[in-house]
Amino acid sequence: MDIAYYPGCSLQASHKLYDSQSHKILGALDVKLIELDDWNCCGATSAGKTDDFLAVALPARNIGIAEASGLKELVIPCSACYSRTLVAQYKMEKDPSLKDEINGELKKKVAKGIKVSTILEVILPRVEAGYMNDKIQKPLAGLKPACYYGCMLTRFPVGVAASDDVENPRGMEKIMAKLGAEPIDWSYKTDCCGASAAVNDQEAAFNMMGRIMKDAAARGANCFVTTCPMCQMNLDINQEQYCDRVGVCERLPVYFITEMMGVAMGMSPRDLEIDKHFTESINLLKELSLA
């Protein structure tokens, strides 16, 4: 099955490993990702804060390219890119004059609307349909992840329908349980990690990250699992600082869902590039005989 694919800037820069993993894992589930030709930045946080029109026009161009491909679904692994694209699509549907104005400048017009999906929306139905059953070589026994969704997968500034429960999403937990892990029940799975505030307001961002870590550690988690590259980066690269701030002695690996699926399939953690994380992430897998 072919699905249109928008990697966004993060997966072509700081998180190239997530791009590679997405192709490997979805390929194993019989999904071929067709990267959008000549895609552009979605605007992410910056456009939304500075120019309302540009915040819609930038992702609209990508939507037009995706629709022109003839494919029915567009998967976007990055939560910020996903949210920005879904919101832009919604605003154009609700405001025909805005859509016409934007289309007037596009070579590939936004038309009927392609389904914009998170990576979980593509993975979960296939896992539940049994695509993973004969591929699991190393059940993730002993892994107790705090599945962390962040604030952008289920909460939007407009009336977009969320793909999972707004307050208590369960998609990642379902996947991890199918892989043999024991996802914990915890309270901070949709709290904000501070996102780009980690650059310009570290105190506020570190306090947010610290609360997330403190709750996960108190509940007995031995790792985080996420889908968002911004969340992964914040919780991973800044762990020493925010843990010291809130007095947490634990240090927890921050894995992508694709990494955990790859490990369960028997892929080497180093082939998946898990060793490139800032917080040590291989030792836990070795302790659990997963590496």
Side-chain angles (χ1 to χ4, degrees), residues 1-36 39 42 44 59 62-63 66 71-87 89 114-129 131-132 135 145 147-156 160-165 169-179 181 183 189-190 193 224-233 235 254-265 267 272-274:
M1 178 180 182
D2 291 353
I3 294 181
Y5 172 62
Y6 176 74
C9 303
S10 291
L11 274 72
Q12 296 293 287
S14 58
H15 286 86
K16 284 186 178 180
L17 57 85
Y18 192 22
D19 175 63
S20 174
Q21 293 163 11
S22 296
H23 282 278
K24 286 179 181 178
I25 300 309
L26 288 172
L29 300 179
D30 296 332
V31 175
K32 183 178 181 181
L33 299 178
I34 309 299
E35 186 171 331
L36 299 187
W39 58 265
C42 71
N62 295 322
I63 294 170
L71 298 170
K72 304 300 182 184
E73 186 174 6
L74 170 63
V75 61
I76 305 178
C78 173
S79 297
C81 297
Y82 163 73
S83 175
R84 189 73 267 150
T85 303
L86 198 62
V87 167
Q89 186 181 55
I114 190 170
K115 176 174 169 49
V116 178
S117 299
T118 70
I119 195 167
L120 291 177
E121 288 179 271
V122 177
I123 291 173
L124 180 58
R126 286 163 175 79
V127 170
E128 291 183 326
Y131 279 71
M132 283 289 294
K135 295 180 175 65
C147 294
Y148 180 58
Y149 296 80
C151 61
M152 302 191 79
L153 276 185
T154 62
R155 298 202 295 277
F156 307 95
V160 174
S163 62
D164 204 332
D165 186 279
R170 299 288 302 166
M172 268 192 284
E173 283 87 347
K174 292 175 183 178
I175 293 168
M176 293 303 295
K178 287 280 187 180
L179 300 179
K189 63 170 66 178
T190 61
C193 68
F224 290 99
V225 175
T226 189
T227 64
C228 176
M230 178 62 78
C231 295
Q232 195 281 335
M233 181 170 67
L235 292 178
V254 188
Y255 301 119
F256 284 114
I257 187 73
T258 45
E259 292 172 336
M260 294 297 88
M261 294 180 71
V263 168
M265 289 180 189
M267 298 180 189
L272 291 164
E273 301 180 84
I274 298 175

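Count residues from 1 along the sequence.
- Using a distance-only test at 3.5 Å, with no hydrogens or angles considered, no donor-acceptor pair links the side chain of Q12 to the main chain of D19.
- Side-chain atoms of E121 come within 3.5 Å of backbone N or O of T118 as a donor-acceptor pair.
- Partners of I3 under the side-chain contact (heavy atoms from CB on, under 4.5 Å) rule, at least two apart in sequence or in another chain, are M1, V31, E73, V75, V122, R126.
- Take T258 and apply the side-chain contact (heavy atoms from CB on, under 4.5 Å) test, not counting sequence neighbours, and it matches Y18, Q21, S22, I25, I119, F256.
- A search for side-chain contact (heavy atoms from CB on, under 4.5 Å) contacts involving K32 returns D2, I34, not counting sequence neighbours.
- Remark: of the listed residues R170, M176, K174, M176 is the sole one forming a side-chain contact (heavy atoms from CB on, under 4.5 Å) with C147.
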Applying side chain to side chain contact (heavy atoms under 4.5 Å, CB included) to S163 and L153, what does each step give before you reach the verdict?
CA-CA 8 Å; S163 62; L153 276 185; over 6 Å; no

Check the pair C193, Y148 against side chain to side chain contact (heavy atoms under 4.5 Å, CB included), reporting the backbone distance first and the verdict last.
CA-CA 10 Å; C193 68; Y148 180 58; 3.4 Å; yes

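- Under the 4.5 Å side-chain criterion, counting only non-hydrogen atoms from C-beta, M230 is not in contact with S10.
- Counting heavy atoms from C-beta outward, T85 and I76 have side chains that approach closer than 4.5 Å.
- Judged by distance alone, with hydrogens and angles left aside, the side-chain atoms of Y82 form no donor-acceptor pair with the main-chain N or O of C228 at under 3.5 Å.
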Please determine whether side chain to side chain contact (heavy atoms under 4.5 Å, CB included) holds for the pair L17 and L272, giving the CA-CA distance in whole Å, both sets of side-chain angles, and the decisive distance to 0.1 Å.
CA-CA 7 Å; L17 57 85; L272 291 164; over 6 Å; no

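- Surrounding NZ of K16 are at most 12 heavy atoms belonging to other residues, nucleotides or ligands under 6.0 Å away.
- Using a 4.5 Å heavy-atom cutoff, the side chains of Y255 and P145 are not in contact.
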One pair to check against side chain to side chain contact (heavy atoms under 4.5 Å, CB included): V263 and I274. What are the steps and the verdict?
CA-CA 10 Å; V263 168; I274 298 175; 3.9 Å; yes

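- Residues L120 and D164 are not in side-chain contact: their nearest non-hydrogen atoms beyond the backbone lie 4.5 Å or more apart.
- A 4.5 Å side-chain heavy-atom check between L86 and F156 finds at least one atom pair inside the cut-off.
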